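In what follows, chains carry the letters A, B, and so on, assigned in the order in which the sequence lines appear, proteins first and then strands, with residues in each chain numbered from 1. Everything numeric in this text was worked out from a predicted model, so none of it was measured. Side chains included, hydrogens not; waters and symmetry mates left out as well; all remaining heavy atoms used.
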Amino acid sequence: MKTSDSFNADEISFFEKVYQVVRLIPKGKVTSYGAIAKYLGSAQSSRMVGWAMNNSSRIKPKVPAHRVVNRNGMLTGKHFFGANDAMQHLLEKEGIKVSDDKIIDFKKHFWDPSVELML
DNA sequence: CGATTGACGTACG
DNA sequence: TCGTACGCCAATC
């Protein structure tokens with residue numbers, strides 16, 4: 001415990017920042033890896049966002065990685081959810097229509113952290 | 001310790 | 001418009 005279990009801004013890493021942002025994604029909304037990376041100040045590190053998502057399976061609490069898709073709105077990481085349609089099913093359950101592993105009206109459901117969380 | 005991979009994105013041809 | 005190449009940082013082999 002050491003003082004507190006809270007997150008220390010000085011302790012959080014690039015990955016943990018990603019986790020927090022993803023957790024802030026409202027239901028029925030989605031975002032892209034690049035948007036998160038850009039919000040973190042490393043737009044070119046979009047790969048790291050995806051890598052962070054991979055680790056998201058081991059972190060706690062688990063982050064809604066199903067709300068994070070690539071720039072094309074395609075569910076590139078659906079294969080990581082175990083079931084092939086698990087990610088798609090979750091998105092449809094939240095009101096997001098998915099077809100061919102791709103989000104319909106992706107731009108419409110797009111949630112940009114740099115806009116919603118901008119101060 | 002060095003090389004390869006990875007849920008992406010942008011640039012160039 | 002489509003395909004290929006590069007960059008970014010960390011983890012894994």
Interatomic distance, [X] [atom1] vs [N] [atom2] [rounded to whole Å]:
{"X": "A/E16", "N": "C/dA10", "atom1": "CD", "atom2": "C1'", "answer": "14 Å"}
{"X": "A/F15", "N": "B/dA7", "atom1": "CZ", "atom2": "P", "answer": "13 Å"}
{"X": "A/K38", "N": "B/dT10", "atom1": "NZ", "atom2": "C1'", "answer": "12 Å"}
{"X": "A/K78", "N": "B/dC8", "atom1": "NZ", "atom2": "P", "answer": "13 Å"}
{"X": "A/F14", "N": "C/dC8", "atom1": "CZ", "atom2": "P", "answer": "13 Å"}
{"X": "A/Q44", "N": "C/dG7", "atom1": "CD", "atom2": "P", "answer": "10 Å"}
{"X": "A/N55", "N": "C/dA11", "atom1": "CG", "atom2": "C1'", "answer": "8 Å"}
{"X": "A/I36", "N": "B/dG9", "atom1": "CD1", "atom2": "C1'", "answer": "14 Å"}

query: Distance-only, no hydrogens or angles: does the A/H109 side chain make a donor-acceptor pair with backbone N or O of A/I96 under 3.5 Å?
result: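 Checking the backbone N and O of A/I96 against the side chain of A/H109, no donor-acceptor pair under 3.5 Å is found.
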query: For B/dT10, does OP1 or OP2 lie under 4.0 Å from any side-chain N or O of A/S46?
result: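 For A/S46, the contact criterion (side-chain N or O under 4.0 Å from OP1 or OP2 of B/dT10) is not met.
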Reported CE-to-CG distance for the pair A/M53 and A/N55, which is rounded to 0.5 angstrom: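 If we round to the nearest 0.5 Å, A/M53:CE and A/N55:CG are 9.5 Å apart.
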- prompt: Nearest 0.5 Å, what's the CZ-CG distance between A/F15 and A/N54?
  reply: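 One finds 9.0 Å between CZ of A/F15 and CG of A/N54.
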Please report the shortest heavy-atom distance between [X] and [Y], naming the atom on each side.
{"X": "A/I25", "Y": "A/V30", "answer": "CG2-N, 4.3 Å"}
{"X": "A/V68", "Y": "A/S32", "answer": "CG1-C, 4.3 Å"}
{"X": "A/W111", "Y": "A/V21", "answer": "CZ3-O, 3.9 Å"}

query: Going by modelled atom types, is there a donor-acceptor pair between the base of C/dC8 and the side chain of A/S45 at under 3.5 Å?
result: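 For A/S45, whose side chain was compared with the base of C/dC8, there is no donor-acceptor pair (under 3.5 Å).
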Donor-acceptor pairs are to be reported for all side-chain atoms of residues 69-84 of chain A against protein atoms at under 3.5 Å, with residues two or more places apart or in another chain.
unit_1 : atom_1 : unit_2 : atom_2 : d
A/N70  : OD1    : A/N72  : N      : 3.2
A/N70  : OD1    : A/G73  : N      : 3.0
A/N70  : OD1    : A/M74  : N      : 2.7
A/K78  : NZ     : A/D101 : OD1    : 3.3
A/K78  : NZ     : A/D101 : OD2    : 2.7

message: I need the residues from residues 82-109 of chain A with at least one non-hydrogen atom less than 4.0 Å from DNA chain B; give them sorted by number, or say none.
response: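 Residues of residues 82-109 of chain A that come under 4.0 Å of DNA chain B do not exist, since none gets that close.
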So which protein N/O to nucleotides 1-4 of chain C N/O distances come out below 3.5 Å?
none

query: A/A43 near the nucleic acid: base, sugar-phosphate alone, or nothing, with a heavy-atom cut-off under 4.0 Å?
result: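 Nothing, no nucleic acid heavy atom in range.
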With a 4.5 Å heavy-atom cut-off, do [X] and [Y] have their side chains touching?
{"X": "A/F110", "Y": "A/K29", "result": "no"}
{"X": "A/T31", "Y": "A/P113", "result": "yes"}
{"X": "A/S46", "Y": "A/K38", "result": "no"}
{"X": "A/S56", "Y": "A/V22", "result": "no"}

query: For the hydrophobic clusters of this structure (ILVMFWY residues joined by side-chain heavy atoms under 4.5 Å, transitively), does one cluster hold both A/W51 and A/Y39?
result: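 In one cluster with A/W51: A/Y39, yes.
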- request: May I ask whether A/I104 and A/L90 are part of the same hydrophobic cluster, defined by side-chain heavy atoms of I, L, V, M, F, W, Y residues being less than 4.5 angstrom apart, directly or through others?
  value: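 No: no chain of side-chain contacts under 4.5 Å links A/I104 to A/L90.
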field: salt bridge (charged side-chain N to carboxylate O under 4.0 Å, His left out) contacts touching residues 79-95 of chain A (sequence neighbours left out)
entry: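 Listed by first then second residue: A/R67-A/E94.
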Span that lies between the P atom of C/dC2 and that of B/dA7, in whole angstrom: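 Pairwise P distance, B/dA7 against C/dC2, rounds to 23 Å.
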Short N/O separations, protein against nucleotides 1-3 of chain B, under 3.5 angstrom:
none

Could you go through nucleotides 4-6 of chain B and list every protein N or O atom that sits under 3.5 Å from one of its N or O atoms, giving the distance for each pair?
none

